[in-house]
Amino acid sequence: FHGRIHIPFDEKENTMWYDKDILHTSRADLILYATEFLMWWPDKAWLHAGAVAKNGNAYIFTGEGGTGKTSAVLNLTKEGYDYLSDDWLIVGEGVAFPLPKRIHIFDYNLKDKEIAKQILGAKRFYYKPMVKLLEWGSRLSPHRHVRFIFDRLKERTMLSVELCKINPTAKVASPSPISKVFLLDRRNVNSIEIRRDITAKELARKMAYVYMYEWDGMYREYYRYVCHFGVKNRRIESKLRHNFKILFETFRKSELYRIVVPKEMDLTKIDLPSLLNI
């Protein structure tokens, strides 16, 4: 994998080997990335979601990338809710399990001046214009290859920070029963709309597929490995079916809502507790 890590894709393998020098590079996160991909539980699954908890109840914000999961979590932890996750969450048997990692902060999260000040300090005065310049370059470039370069450069401006740096008083929650699940959906609307038009089956199918394409890099490496060495890992190849089953059982026990959000709305500025009745 990238010539630096040997991942135990074969079911008979149980050891990951990696170049020790990778720990001193900006790619050290590849070890965690590969390890998470291999994790499997008979009664749990990964869910692309942010989540918080309060009074023993978990509230999940799920959806595709860029819909506002992290923003919702940052909003609610500021209001005293305990942190469960902001990107990937482990769920099973109606329970959300905490996954405290460094939080990924994107340019749209930094529209909140308080968050930008906490994370960047004085650097925010040149960081935000730089991101805006890359955004304009991507939008105005006439050639798709040039736009691709601007988009990749913009991705590299993502920040990874500890939760305590953003909110020193935030706490990590214990495993909590799931009360409500909100599917965040960005659209061209003028105001937030709260709908009850999604079923457990529909949401489980959607999020099972989101898992597959979010881990596309790892699946590419796995199938290349299979092609070269003829191995097969049934757990990896059955992830779609397995995740759908676990997510369906999880969602059918919870209240499900679709939250349609205007494309440019900043969820860190909304009174979410009152809006969502949580």
Side-chain angles (χ1 to χ4, degrees), residues 1-2 5-11 13 16 27 29-51 60-70 72-73 84-97 99 101 104 106 148 151-152 155 158 160 178 181-187 198-254 256 258-259:
F1 188 58
H2 294 276
I5 304 176
H6 173 78
I7 302 171
F9 282 137
D10 192 331
E11 289 180 0
E13 295 181 302
M16 179 182 293
R27 304 305 296 159
D29 59 324
L30 283 174
I31 296 174
L32 179 60
Y33 178 68
T35 303
E36 288 178 338
F37 173 75
L38 295 171
M39 292 180 183
W40 185 93
W41 308 268
D43 58 348
K44 298 179 182 64
W46 287 106
L47 175 61
H48 193 39
I60 294 176
F61 298 86
T62 191
E64 300 180 55
T67 53
K69 298 181 296 297
T70 297
V73 169
L84 280 163
S85 172
D86 75 290
D87 189 22
W88 286 100
L89 183 67
I90 301 170
V91 299
E93 299 184 330
V95 175
F97 297 86
L99 192 66
K101 299 196 302 183
H104 292 159
F106 295 89
F148 176 82
D151 288 341
R152 296 292 81 78
E155 286 180 5
M158 181 197 73
S160 179
I178 300 168
V181 180
F182 303 98
L183 173 64
L184 296 175
D185 188 356
R186 292 277 179 173
R187 298 189 188 180
I198 190 164
T199 66
K201 187 175 183 179
E202 179 187 356
L203 184 57
R205 180 182 292 113
K206 178 180 180 67
M207 298 317 300
Y209 278 112
V210 167
Y211 171 90
M212 299 299 287
Y213 75 67
E214 286 287 343
W215 292 95
D216 64 324
M218 289 301 300
Y219 275 101
R220 180 177 182 275
E221 293 297 326
Y222 166 71
Y223 284 113
R224 184 170 68 175
Y225 191 83
V226 172
C227 177
H228 289 170
F229 301 103
V231 303
K232 184 175 182 179
N233 190 312
R234 290 166 294 178
R235 287 180 175 176
I236 291 177
E237 296 194 10
S238 66
K239 276 271 182 91
L240 178 63
R241 185 171 63 253
H242 173 79
N243 286 355
F244 170 78
K245 178 182 177 182
I246 301 300
L247 293 178
F248 174 68
E249 290 299 318
T250 297
F251 294 150
R252 73 185 186 91
K253 300 175 183 177
S254 309
L256 306 181
R258 186 194 304 271
I259 310 299

Are [X] and [Y] close enough that some pair of their side-chain heavy atoms sits under 4.5 Å apart?
{"X": "Thr67", "Y": "Lys69", "answer": "yes"}
{"X": "Met16", "Y": "Thr35", "answer": "yes"}
{"X": "Ile236", "Y": "Phe9", "answer": "yes"}
{"X": "Glu36", "Y": "Leu32", "answer": "yes"}
{"X": "Asp86", "Y": "Leu99", "answer": "no"}
{"X": "Glu202", "Y": "Phe251", "answer": "no"}

Partners of Thr250 by side-chain contact (heavy atoms from CB on, under 4.5 Å), sequence neighbours excluded?
->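 Thr250 satisfies side-chain contact (heavy atoms from CB on, under 4.5 Å) with Val91, Ile178, Ile246 once adjacent residues are dropped.
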Determine, using ring centers only, whether Trp41 and Trp46 are less than 6.0 Å apart.
-> yes
Can the ring centres of Phe37 and Tyr219 be said to be less than 6.0 Å apart?
->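 Yes, close enough.
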Nearest non-hydrogen partners of [X] and [Y], listed with the distance:
{"X": "Val226", "Y": "Val231", "value": "CG1-O, 3.2 Å"}
{"X": "Val73", "Y": "Ala51", "value": "CG2-N, 3.5 Å"}
{"X": "Phe244", "Y": "Lys201", "value": "CE1-O, 3.7 Å"}
{"X": "Leu256", "Y": "Thr199", "value": "CD1-C, 3.7 Å"}
{"X": "Ser254", "Y": "Val181", "value": "CB-CG2, 4.0 Å"}
{"X": "Leu184", "Y": "Phe61", "value": "CD1-CB, 4.1 Å"}

Quick one: sort the Trp215 and Trp88 rings into parallel, tilted or perpendicular, breaks at 30° and 60°.
-> tilted
Can you say whether the rings of Tyr225 and Phe229 are parallel (under 30°), tilted (30 to 60°) or perpendicular (over 60°)?
->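 Tilted, since the angle between the ring planes falls between 30° and 60°.
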What residue pairs, at least two apart or across chains, pass salt bridge (charged side-chain N to carboxylate O under 4.0 Å, His left out) with a residue in residues 243-254?
-> Glu249-Arg252
Nearest 0.5 Å please: distance from the [atom1] atom of [X] over to the [atom2] atom of [Y].
{"X": "His242", "Y": "Leu247", "atom1": "NE2", "atom2": "CG", "value": "9.0 Å"}
{"X": "Asn233", "Y": "Asp10", "atom1": "CG", "atom2": "CG", "value": "7.5 Å"}
{"X": "Tyr222", "Y": "Leu38", "atom1": "OH", "atom2": "CG", "value": "11.0 Å"}
{"X": "Phe248", "Y": "Leu203", "atom1": "CZ", "atom2": "CG", "value": "11.0 Å"}
{"X": "Asp43", "Y": "Glu93", "atom1": "CG", "atom2": "CD", "value": "4.5 Å"}

After noting the C-alpha distance and the side-chain angles of Arg234 and Glu237, does the key distance pass the salt bridge (Lys or Arg N to Asp or Glu O under 4.0 Å) rule?
-> CA-CA 5 Å; Arg234 290 166 294 178; Glu237 296 194 10; over 6 Å; no
Ignoring hydrogens and geometry, is there a side-chain-to-backbone donor-acceptor pair from Thr62 to Leu183 under 3.5 Å?
->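 Such a contact is absent between Thr62 side chain and Leu183 backbone.
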Name each donor-acceptor pair under 3.5 Å that joins a side chain in residues 205-212 to protein atoms two or more places apart or in another chain, with its distance.
unit_1: Lys206; atom_1: NZ; unit_2: Glu64; atom_2: OE2; d: 3.2
unit_1: Tyr211; atom_1: OH; unit_2: Lys239; atom_2: NZ; d: 2.9

